[in-house]
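Keep in mind it's a predicted model, so treat the numbers as computed, not measured.
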Amino acid sequence: MTDSKYFTTTKKGEIFELKAELNSDKKEKKKEAVKKVIASMTVGKDVSALFPDVVNCMQTDNLELKKLVYLYLMNYAKSQPDMAIMAVNTFVKDCEDPNPLIRALAVRTMGCIRVDKITEYLCEPLRKCLKDEDPYVRKTAAVCVAKLHDINAQLVEDQGFLDTLKDLISDSNPMVVANAVAALSEIAESHPSSNLLDLNPQSINKLLTALNECTEWGQIFILDCLANYTPKDDREAQSICERVTPRLSHANSAVVLSAVKVLMKFMEMLSKDLDYYGTLLKKLAPPLVTLLSAEPELQYVALRNINLIVQKRPEILKHEMKVFFVKYNDPIYVKLEKLDIMIRLASQANIAQVLAELKEYATEVDVDFVRKAVRAIGRCAIKVEQSAERCVSTLLDLIQTKVNYVVQEAIVVIKDIFRKYPNKYESVIATLCENLDSLDEPEARAAMIWIVGEYAERIDNADELLESFLEGFHDESTQVQLQLLTAIVKLFLKKPTETQELVQQVLSLATQDSDNPDLRDRGYIYWRLLSTDPVAAKEVVLAEKPLISEETDLIEPTLLDELICYIGTLASVYHKPPSAFVEGGRGVVHKSLPPRTASSESTESPETAPAGVPSSEQPDVIPAQGDLLGDLLNLDLGPPVSGPPLASSSVQMGAVDLLGGGLDSLIGGPNFVTPPAAAVPANLGAPMGSGLSDLFDLTSGVGTLSGSYVAPKAIWLPAMKAKGLEISGTFTRQVGSISMDLQLTNKALQVMTDFAIQFNRNSFGLAPAAPLQVHAPLSPNQTVEISLPLNTVGSVMKMEPLNNLQVAVKNNIDVFYFSTLYPLHILFVEDGKMDRQMFLATWKDIPNENEAQFQIRDCPLNAEAVSSRLQSSNIFTVAKRNVEGQDMLYQSLKLTNGIWVLAELRIQPGNPSFTLSLKCRAPEVSQHVYQAYETILKN
């Protein structure tokens with residue numbers, strides 16, 4: 001007998017059997033068959049061949065069978081769109097079924113079938129269901145509109161479903177209201193420009209009424225919607241807060257956090273003098289404390305949110321320190337988060353309690369936790385001055401334990417304490433020096449070297465200590481090498497006679513024997529300083545250092561305000577705005593807290609600056625080390641110097657007499673000239689070339705059609721400074737988006753790839769909004785033009801000058817640094833027009849000493865031309881009057897960080913000189929705003 005029998009079979013296969021069962025006359029058999037089909041589908045078998053047979057089973061009164069068929073339909077409609085059309089009639093029929101459950105089931109399934117061909121057939125049944133008498137059907141239909149909008153937005157708008165959805169907000173059933181709000185919010189999120197949720201006091205009232213009777217998820221949708229509303233005054237804000245407060249006692253933590261978000265947002269509008277404000281603060285504490293008795297994962301989410309709340313309003317939880325004490329069985333992620341909040345809440349009143357706890361934690365077994373606890377003791381010392389003495393003695397006790405990692409953390413922390421309180425605790429240096437041999441971590445070694453260098457005159461054997469580190473110089477990490485170089489130069493300047501050999505040794509190691517560009521550059525700078533002008537070297541290296549501030553890890557104020565608007569969402573756990581981690585086409589809207597009302601502003605005169613204004617009372621924050629491309633500030637970048645780059649000489653480095661002045665020939669001065677400035681107003685005077693730019697220059701003289709003035713490109717990084725890479729560029733703002741227009745030219749002999757860009761912290765948080773994309777490798781002598789989109793949600797640090805931007809560009813060859821000045825008008829936003837009343841009130845409110853006057857000369861424009869030209873750069877004319885033959889323009893503009901600048905421009909017809917008066921709560925921006933006026937009017 002042959003083997004062919006194995007390939008022939010009488011069995012028709014599983015699909016054939018199921019087909020037969022589906023077409024059976026017996027209802028039970030049919031139901032069993034559909035269940036088998038669903039089971040096969042669930043485990044991943046392809047049962048799409050049975051589509052027509054399963055769809056035939058739809059004609060049934062049995063609800064269970066109908067649900068199963070609908071489930072199958074949702075899964076396979078996309079792969080079988082032509083077959084799916086067969087089901088349309090049944091949907092239409094089911095939407096008129098007497099049983100509301102079947103009507104709702106039909107409309108829910110319709111929304112899940114994402115097939116374009118079918119959608120238009122579903123509009124009629126959906127319209128009926130939106131007006132159904134049964135609320136269960138209406139609430140299901142509301143969600144279906146959002147799903148349909150996702151498939152075909154135009155169809156939904158043409159059919160008028162959005163208006164029907166808005167009407168459902170006034171529905172009598174709270175669940176329908178909640179689903180309508182959820183659907184509208186979903187649609188509004190994907191279309192940020194459409195004003196779908198047009199909330200007014202009447203609709204808010206309806207939402208608040210529905211709030212009490214909704215399911216918990218319905219309450220969350222409504223609360224999130226309320227959080228996007230801006231009340232018209234403090235009275236309305238208070239009444240909403242009163243009606244939302246009962247949600248704080250809800251059992252579901254998501255409802256509690258959504259309610260906290262609404263209250264935190266609207267508290268911004270309440271005056272601190274109100275009794276109600278104090279009551280609200282007291283009511284917010286208990287629900288937050290209750291969240292900490294949940295399971296660890298929920299605790300973590302609650303703690304991340306509390307971290308934000310404590311930074312915004314520490315007074316809410318100032319008496320609740322004990323709930324943040326760590327329990328022995330807390331997971332490490334909860335422990336670390338609690339520790340962070342403890343330090344934020346530390347104050348003179350509770351510091352004794354906190355220190356006792358932290359000392360206890362430092363003897364735990366979990367290494368990460370112990371390290372963080374020791375750091376926390378140091379942060380307490382810096383934060384609460386009265387406790388510094390106690391903290392230092394606690395740290396010394398910990399050093400005596402001789403536990404290696406405790407000792408190392410303590411030394412790192414003591415270095416910061418010395419920075420905060422100079423000449424106070426130096427008596428402990430001897431104890432620190434005893435532990436020198438046990439240090440093996442780069443950060444601790446660097447901290448110890450800094451201490452020895454800084455206080456060399458108090459340590460008898462400082463040269464021996466530093467020499468011991470020098471023996472393995474090349475094995476040390478960069479951080480330690482840089483610190484050692486600086487410390488030995490400090491020691492030399494303090495004790496020149498005894499340490500000349502030592503300093504020569506370290507400079508030679510850093511420059512001749514090292515291949516690290518940072519270390520070489522710093523070595524050459526010190527060498528050059530010492531050899532040309534020891535007095536200047538002393539002033540530079542031993543200059544008085546600014547005091548350190550404890551709040552180095554505070555979230556920047558404008559970002560914090562935005563994150564408060566996202567309490568209870570993923571953004572509040574990541575501590576990043578959604579734009580930083582949400583990908584895809586959906587527009588992420590930047591949210592911000594409502595402005596303080598007039599009544600609350602007057603009570604708070606010292607802090608009336610809007611969110612993000614650098615108040616003069618704030619401490620100068622020294623940024624923490626370890627930013628992405630190395631903290632650019634450590635690379636000795638000064639503000640840009642305008643001037644032509646000189647040719648640098650390239651003589652080989654030989655053995656040089658250190659203080660003999662022989663270094664001039666070796667590293668010619670030009671190596672230290674920073675690149676020419678990009679956007680200094682002097683450069684902006686250059687006329688824009690003729691050609692296309694003149695096409696639009698018909699009346700207003702503005703260089704671009706719908707944006708502000710754009711300066712010609714200037715060279716920011718010459719090729720000789722960047723191993724053949726030349727970068728020139730300019731900044732533009734068009735229709736609300738800022739970009740850096742770059743031109744990269746490869747003047748080297750090798751191909752350049754792998755480009756990346758990084759900005760240092762700067763005054764307005766400018767940061768790249770996308771990676772630097774150079775799509776093809778840059779061949780020799782090739783030039784590429786790139787427009788890099790920017791946003792203003794980066795880290796903020798006040799720069800000198802204010803508009804200085806320090807940039808690092810990396811490619812496959814090296815990392816290059818340059819700095820440039822951006823023109824301030826790229827930060828003028830489109831909604832910078834104040835209404836007249838507000839302008840008048842704000843002008844009076846800003847103190848007279850904040851007013852600055854400037855002259856704009858040689859500008860032959862009349863008032864009309866001036867007004868229209870400035871408007872194209874987002875400087876808006878609020879009012880215009882003529883006083884004794886002079887035209888007076890009253891203008892307002894707003895910067896991206898919320899600072900308002902008010903201006904009065906006097907124009908005498910026939911006289912080309914104008915007088916500009918500027919008033920602003922942050923007077924340091926006035927000079928730069930004046931430069932922007934000059935630039936715009938003269939180009």
Side-chain angles (χ1 to χ4, degrees), residues 677-689 693-714 729-741 764 766 801-803 820-834 852-878 880 887-896 899-907 911-920 925-939:
V680 186
N683 296 6
L684 298 181
M688 289 191 64
S693 62
D694 294 342
L695 283 180
F696 305 126
D697 215 343
L698 302 174
T699 52
S700 65
V702 178
T704 50
L705 180 58
S706 61
S708 52
Y709 164 72
V710 181
K713 286 195 176 81
T730 184
F731 294 87
T732 63
R733 181 184 187 95
Q734 280 185 307
V735 204
S737 49
I738 307 171
S739 50
M740 184 191 236
D741 292 350
F764 293 91
L766 273 178
L802 206 60
N803 57 340
T820 177
L821 299 178
Y822 48 89
L824 211 64
H825 66 260
I826 62 166
L827 303 172
F828 298 173
V829 297
E830 281 64 22
D831 60 346
K833 186 165 186 175
M834 257 189 193
Q853 270 207 351
F854 305 93
Q855 291 294 320
I856 298 173
R857 304 186 193 285
D858 307 324
C859 186
L861 301 171
N862 64 15
E864 280 305 313
V866 165
S867 183
S868 77
R869 187 174 288 200
L870 290 171
Q871 178 147 347
S872 64
S873 289
N874 296 335
I875 300 174
F876 298 95
T877 302
V878 175
K880 177 185 168 189
D887 285 325
M888 312 276 273
L889 298 181
Y890 297 97
Q891 297 176 317
S892 70
L893 63 96
K894 184 172 148 193
L895 295 169
T896 47
I899 297 178
W900 284 94
V901 181
L902 310 188
E904 179 196 71
L905 190 59
R906 295 182 196 184
I907 302 171
N911 181 351
S913 290
F914 305 161
T915 304
L916 174 69
S917 302
L918 296 174
K919 255 190 164 188
C920 175
V925 304
S926 297
Q927 176 66 32
H928 300 280
V929 172
Y930 153 66
Q931 286 171 358
Y933 264 85
E934 279 234 300
T935 304
I936 296 161
L937 291 175
K938 291 187 178 181
N939 291 287

Side chains of [X] and [Y], heavy atoms from C-beta outward: is any pair under 4.5 Å?
X	Y	result
Gln855	Thr915	yes
Thr877	Leu870	no
Cys859	Leu937	yes
Arg733	Val829	yes
Gln871	Gln891	no
Ile856	Tyr930	yes
Asn862	Asp887	no
Tyr822	Phe764	yes

To the nearest 0.5 Å, tell me how far [X] [atom1] sits from [Y] [atom2].
X	Y	atom1	atom2	result
Arg869	Glu864	CZ	CD	13.5 Å
Thr732	Met740	OG1	CE	10.5 Å
Gln853	Ser917	CD	OG	4.0 Å
Ile826	Ser737	CD1	OG	11.0 Å
Phe731	Ser739	CZ	OG	10.0 Å
Gln927	Leu824	CD	CG	11.0 Å

Is a side-chain N or O of [X] found less than 3.5 angstrom from the main chain of [Y], in a donor-acceptor match?
X	Y	answer
Ser892	Met834	yes
Asn874	Phe828	yes
Ser867	Ala863	no
Thr730	Ala711	yes

Please report the closest heavy-atom contact between [X] and [Y], naming both atoms and the distance.
X	Y	result
Ile907	Leu861	CG2-O, 4.5 Å
Asp858	Lys938	O-CE, 4.3 Å
Tyr709	Ser873	N-OG, 3.4 Å
His928	Leu802	NE2-CB, 3.4 Å
Lys894	Gly832	CB-CA, 3.8 Å

| request: Pick out which of Leu827, Leu916, Leu893 makes a side chain to side chain contact (heavy atoms under 4.5 Å, CB included) with Val929. | output: Leu893

| request: Under the side-chain contact (heavy atoms from CB on, under 4.5 Å) rule, what do Leu918 and Val925 come out as? Steps first, then yes or no, please. | output: CA-CA 10 Å; Leu918 296 174; Val925 304; over 6 Å; no

| All ring pair (Phe, Tyr, Trp, His ring centres under 6.0 Å) counterparts of Phe914, not counting sequence neighbours | none

